[in-house]
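These notes are about the structure you will find just below.
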Amino acid sequence: MTDHHDHSARHAAPTGLPPGHSPAPATPWYAPSRRPPPPPPAVRAEPSAALASPSAPDRTRPAEDGGAVPRPPVPQRIWCVEDERTALLAMSVWTERVPGRGEDADPFVADHQDSRQGVLAVFDGSGGAGAAPAWQASDGESRTGAWVGARVARLATDAWFHDVATEGEPAEPETLRDYLRYFLDHAPQRRSKISGTMRRQLPTTLAAVHYRLVRVQDEAGLELRPLWAGDSRAYVLRPRTGLQVLTRDHTRESDALELLRSDPPMTNLVCADREFEIDGRRLTHPLPCVLVTATDGFFGYVHTPADFETLLLRTLSQAGTVGEWADLIRREVQTFTADDASLAVVALGYDGFADLRARFAARLTDLTDRYIRSRPRGLDGPSPATGEAASGPAPTVEDAAELPARIRAWQDATWHSYRVGYETHLPPAPEEHA
């Protein structure tokens, strides 16, 4: 990856561990209190395929003397694996909107083959609540509380899953919260003199899916445990039912279309200085299926919720390998997002990448017919949902004046049709629990 800072070990290890918790494996700035065990047989996502962005539109900026100097490339990373023995395909995508200032941590993906379980997760440091400096790297560059918080949460999730898979730790929201709390308590941070209701120490969102292979009515299936705090999301994706959300944003507004039109504050997120909850639920799902976790850099800058699924499936249809799929998604998100963007995908039960792509071909055709071809003319240049500019005559002045109303009507109609399937597994609102 270009312009990526090395986050090697620079801090002493904290002493002790939460009661009843076994030590975590070695990771960047935290060293365990005992020698880590040999790594279990697992497929681990430590993204390493570093790519510069050949598709970024503008690589120069004006110099003071009027000339042009190279613009630093946007840092980004993709990672992928295809394991034919276990019918597992996995990938992750990570990009920074501003070089060196991104607050998403690398996505985390792990599959432990001996215990037939795994996890995928994303972490979005909350820059508004955690904008104050919290840590300084050896090169003198300071890092915000949001940057540190996302990476501490990733480290805690890694340690938690290690103990879930190898030590029998229950895969419960409460145990994940305990690990997060412990690691946050030992993380580097500076106490700010500025306080307020929106300020947080090391704030970050988290969206994860823990999965376990089980037998469901004598057929292979998955026991899923979505786990989340904040407004990052987890999904399940299948050819007949499409993309279905498994999490409910911790905001007072939970309608996915209204959340595209507004930006309400979060009511719960992982942080070091206040109480927080990890929400969770359990459900079973048949195989094969695709699991997805994403930060709002992916789904928060499209025109309708259906656009995110269309992006995933259209790039899938264009790719020849899981690595090409990840790279196409990376290029695509950088054309429209205004934020850092992180994505993790695990596909289980498919007979290779060609089988995965073929099974979703009909779903992509249906999405295109129902939601894409009806897009109002002038909505966008190349669309993040289609990748192509609209054909036909250019819009008139009258068209431009009416465009906002036509866009809103199209969004409402699209969402009304798409919502039923999308919200099939949406958790109930807090007041519905009472």
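It should be emphasised that the depicted structure is a prediction, and the values quoted were computed from it without experimental measurement.
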*Do Pro427 and Asp279 have side-chain heavy atoms sitting under 4.5 Å apart?*
no
*Between Arg151 and Trp147, is NZ or CZ placed under 6.0 angstrom from the six-membered ring centre and within 45° of the ring axis?*
yes
*Does atom CZ of Arg261 have more than 12 heavy-atom neighbours from other groups under 6.0 Å away?*
yes
_Would you compute the distance between atom CG of Leu243 and atom CG of Leu311 and round it to the nearest 0.5 angstrom?_
11.0 Å
*asked:* How close do Ala344 and Pro107 get, counting heavy atoms only, and between which atoms?
replied: CB-CB, 4.1 Å
*asked:* Using a 6.0 Å cut-off, check whether atom CG of Asp351 has over 12 heavy atoms from anything other than its own residue.
replied: no
*Is it the case that more than 12 heavy atoms not belonging to Arg252 sit under 6.0 Å from its CZ atom?*
no
*Contact check, side chains of Leu260 and Pro305, non-hydrogen atoms, under 4.5 Å*: yes
*Using 30° and 60° as the class limits, which term best fits the ring planes of Phe298 and Phe308: parallel, tilted or perpendicular?*
tilted
*Inter-residue atom distance Thr337.OG1 - Arg97.CZ, 0.5 Å rounding*: 6.5 Å
*Determine, stepwise, if the pair Tyr350 / Val290 fulfils side-chain contact (heavy atoms from CB on, under 4.5 Å).*
CA-CA 9 Å; Tyr350 294 93; Val290 179; 3.9 Å; yes
*Tell me, yes or no, whether the heavy-atom count around Gln217 atom CD, taken from other residues, nucleotides or ligands under 6.0 Å, exceeds 12.*
no
*asked:* If I take atom CG from residue Asp104 and atom CG from residue Asp339, how far apart are they, to the nearest 0.5 angstrom?
replied: 6.5 Å
*Tell me, with the steps shown, if Arg181 and Asp178 meet salt bridge (charged side-chain N to carboxylate O under 4.0 Å, His left out).*
CA-CA 5 Å; Arg181 174 57 65 194; Asp178 290 345; over 6 Å; no
*Should Arg177 and Glu277 count as an ion pair when the cut-off is N to O under 4.0 Å?*
yes
*Hey, are the side chains of Val152 and Phe123 touching, using non-hydrogen atoms and a 4.5 Å cut-off?*
no
*So Asp249 and Arg233, side-chain contact (heavy atoms from CB on, under 4.5 Å) or not? Walk me through it.*
CA-CA 7 Å; Asp249 290 8; Arg233 296 177 188 169; 3.0 Å; yes
*Nearest heavy-atom pair of Leu206 and Leu176: which atoms, and what distance?*
CD2-CD2, 4.3 Å
*So, Ser232 and Asp124: side-chain donor and acceptor under 3.5 Å apart, yes or no?*
no
*Taking atom types as modelled and ignoring hydrogens, do the side chains of Tyr371 and Asp307 form a donor-acceptor contact shorter than 3.5 angstrom?*
no
_Any side-chain donor near an acceptor of the partner, Glu103 and Thr144, under 3.5 Å_ = yes
_So does Val420 get a backbone contact from the side chain of Thr424, meaning a donor-acceptor N/O pair under 3.5 Å?_
yes
*asked:* Minimum heavy-atom separation for Thr267 and Thr251, please, with both atom names.
replied: OG1-N, 3.8 Å
*Which atom names give the shortest non-hydrogen contact between Ala234 and Thr293, and what distance separates them?*
CB-CG2, 3.9 Å
*Does atom CZ of Arg116 have more than 12 heavy-atom neighbours, drawn from other residues, nucleotides or ligands, at distances under 6.0 Å?*
no
*Rounded to the nearest 0.5 Å, what's the gap from CD on Glu324 to CG on Leu328? Could you check?*
7.0 Å
*With under 30° as parallel and over 60° as perpendicular, where do the rings of Phe161 and His112 fit, or are they tilted in between?*
perpendicular
_Parallel, tilted or perpendicular, as decided by the 30° and 60° cut-offs, for the rings of Tyr179 and Phe183_ = parallel
*Taking atom types as modelled, is there a side-chain donor on Trp79 or Asp106 under 3.5 Å from an acceptor on the other?*
no
*So His250 and Leu269, side-chain contact (heavy atoms from CB on, under 4.5 Å) or not? Walk me through it.*
CA-CA 8 Å; His250 287 136; Leu269 74 167; over 6 Å; no
_Using modelled atom types and a 3.5 Å cut-off, is there a donor and acceptor pairing between side-chain atoms of Arg359 and backbone atoms of Pro239?_
no
*State, yes or no, whether a side-chain contact exists between Asp111 and Gln113 at a heavy-atom distance under 4.5 Å.*
yes
*asked:* Does either side chain, that of His303 or that of Gln411, offer a donor lying less than 3.5 Å from an acceptor on the other one?
replied: no
*asked:* Give me the atom names and distance for the closest heavy-atom approach of Trp228 to Ala207.
replied: CB-CA, 4.1 Å
*Expected output: side-chain Asn268 to main-chain Phe276 donor-acceptor under 3.5 Å*: no
*Determine whether Pro173 and Arg225 make a side-chain contact, defined as any pair of heavy atoms from C-beta on separated by less than 4.5 Å.*
yes
*asked:* Looking at Ala361, is its backbone amide N or carbonyl O close enough to the side chain of Thr365 to form a donor-acceptor pair, meaning the two atoms are under 3.5 Å apart?
replied: yes
_Please determine whether side-chain contact (heavy atoms from CB on, under 4.5 Å) holds for the pair Arg373 and Thr368, giving the CA-CA distance in whole Å, both sets of side-chain angles, and the decisive distance to 0.1 Å._
CA-CA 6 Å; Arg373 290 178 178 164; Thr368 303; 3.9 Å; yes
*Using a cut-off of 6.0 Å, state whether more than 12 heavy atoms not belonging to Asp412 lie near its atom CG.*
yes
*With a 3.5 Å cut-off and no angle check, do the side chains of Tyr418 and Glu309 form a donor-acceptor pair?*
yes
_Modelled atom types, side-chain donor and acceptor of Thr315 and Glu332, under 3.5 Å_ = no
_Separation of Arg77 CZ from Thr95 OG1 (nearest 0.5 Å)_ = 11.0 Å
*Output the distance between atom CZ (Arg375) and atom OG1 (Thr414), rounded to the nearest 0.5 Å.*
8.0 Å
_Donor-acceptor contact below 3.5 Å, side chain Arg419 vs main chain Ala256_ = no
*So does Arg282 pair up with Glu172, basic N to acidic O under 4.0 Å?*
yes
_Restricting to non-hydrogen atoms, name the atom on Val119 and the atom on Tyr211 that form the minimum distance, rounded to 0.1 Å._
N-CE2, 3.6 Å
*Are side-chain heavy atoms of Leu312 and Ile329 found at a separation under 4.5 Å?*
yes
*Do Glu96 and Arg101 come within less than 4.5 Å of each other through their side chains, counting heavy atoms only?*
no
*Residue pair Pro286 / Arg238, side-chain heavy-atom distance below 4.5 Å*: yes
_Residue that, paired with His285, satisfies side-chain contact (heavy atoms from CB on, under 4.5 Å) out of Leu291, Leu246, Leu348, Val236_ = Val236
*Are any side-chain N or O atoms of Thr175 and backbone N or O atoms of Pro170, one a donor and one an acceptor, separated by less than 3.5 Å?*
yes
